[in-house]
Amino acid sequence: MPGDVYLDNAATSWPKPPGVLEAIKDFLAQAGGNTGRSGHHRSIASSRAVSLARERLADLLGVESPDELIFTKNATEGLNVAIYGLADGVAQIVTTSLEHNSVMRPLRDLEQRGRCAIEIVHADGNTGEIDVEEWTARLRAASPALAVATHASNVTGALLPIEALAAAAREAGVPLVVDASQSAGHVPLSLSALGAAAVAMPGHKGLLGPSGTGLLYFAPGVEPEPLMRGGTGSQSELEYQPGFLPDRYESGTLNAIGIAGLGAAAEYLADVGIDSVQERLTDLGRRFRDGLAGVDGLTVLGPADPADSVGIASLNVEGVPCATTARLLDDEWGVMTRAGLHCSPAAHRSLGTAPEGTVRFSWGNDTSDADIDVAIEAVRTIAARERSAEPLGTVA
Ligand SMILES: Cc1ncc(COP(=O)(O)O)c(C=O)c1O
């Protein structure tokens, strides 16, 4: 009987803290009105739940003023608002080959429409690292420009030296958009101190909130055009979008139910401490890598020291398509992973794993040592079977 080992936290985290479920239930039972729209007590209770969530998240993410945090439906929405808004009047956009399609597709769209050129700093084929000197040189040579970089690769988990990349962008006078999708909730962040123009992240991955939630931060004074305009419940007499935060970017009814859950997740993370989450993820990474050391026919990608990454590892068993490995893991051991290109084809090209991709394992603070041990045993068994008399490579 297969088990139930969830190692797909990089797609969306599971389980959510119990407080998230409680907050969602409470919101529906006790509040339930539209936020910031009406003067009755259910609307006021809903607005309070959203404000409380914003305050908790601002605290957790080192944002000086909670209103600088904009609620979105996912990381993709925040990245699109930031990229399309800040690309106005820009000739070049400098980025890395590690970007997710939520960055690459808007960039390629801008390029295709002839609005700007895209310059890609390629990750090293062996280490997956981005060369800060090359990044700096490209930024210095580009003008007027925009820069976009992920904080952590969603394929290997490798953390990029985001402070150094941000410092280089500042020095070159180039606004930087950071994709914190795989680092938020896993690595301590201080958005106000980072010096990036914008940072986008999902609420449903490391921040442990429900799906349908995300966050976008703009540094003070960075106020690109919004992508959407509409009702905000504020300044209703105006037929023009309010200019103040967060309303400038929050048109239409908010996902207040999800946001209430995300607020509870932020409270949970503040209690546990993101330092302690990072330590736990690193320990699990060491356990995983050590457990697979010396297995014949196995390639594990990413930093050798899990302290240089978030809770992700990608691998391939020689001779076995990654989709077959993932299917066997789930069918026989109940180990849930994600196979393929992970919406990051350029990253796989850089790492030499395109067009097929890899099997990605991603753990969370609630993953147990025993879960990791089941995954190790399963991978070892698959690799051994492939090298036995009846190889698995042809299993459909
Ligand atoms: C690095 C990275 N950026 C962006 C995204 C998009 O996140 P969302 O699905 O919340 O839009 C993901 C999701 O997997 C990701 O890993």
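Remember, it's 1-based here, ligands and their atoms both numbered in the order they're listed.
- Using 4.0 Å as the threshold, H204 has a heavy atom nearer than that to some atom of ligand 1.
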### Message
Using the rule given for ring pair (Phe, Tyr, Trp, His ring centres under 6.0 Å), can you reason through H348 versus H342, listing the C-alpha separation, both sets of side-chain angles and the distance that settles it, and then say yes or no?
### Response
CA-CA 9 Å; H348 280 282; H342 314 101; 5.2 Å; yes

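- With 3.5 Å as the limit, one finds no donor-acceptor pair spanning the side chains of Y6 and D366.
- Of the listed options Q182, H151, H100, H100 places a heavy atom closest to atom 5 (C) of ligand 1.
- S362 places no side-chain N or O within donor-acceptor distance of the main-chain N or O of G311, the cut-off being under 3.5 Å.
- The N74 neighbourhood of ligand 1 comprises atoms 8 (P), 10 (O), 11 (O), with distances under 4.0 Å to a heavy atom of that residue.
- Around atom 8 (P) of ligand 1, the closest heavy atom drawn from S181, A200, S102, A75 belongs to A75.
- For atom 11 (O) of ligand 1, the nearest non-hydrogen atom of the protein is T76 OG1, 2.5 Å.
- Residue contacts with ligand 1 for N154 involve side-chain atoms from C-beta outward but no N, CA, C or O (heavy atoms, distance under 4.0 Å).
- Annotation: T150 places no N or O atom under 3.5 Å from an N or O atom of ligand 1; distance criterion only.
- Each of the following atoms of ligand 1 lies closer than 4.0 Å to a heavy atom of P202: 10 (O).
- A continuous path of Ile, Leu, Val, Met, Phe, Trp and Tyr side chains, each step under 4.5 Å between heavy atoms, connects L207 with I162, placing both in one hydrophobic cluster.
- Applying the side-chain contact (heavy atoms from CB on, under 4.5 Å) test to S350 and every residue at least two apart in sequence or in another chain returns S97, H122, A123.
- Among T324, D331, T325, the single residue meeting the side-chain hydrogen bond (donor to acceptor under 3.5 Å, both in side chains) criterion with R327 is D331.
- Heavy-atom distances between K205 and ligand 1 reach below 4.0 Å in at least one pair.
- In this structure a side-chain-to-backbone donor-acceptor pair under 3.5 Å is missing from T282 to A307.
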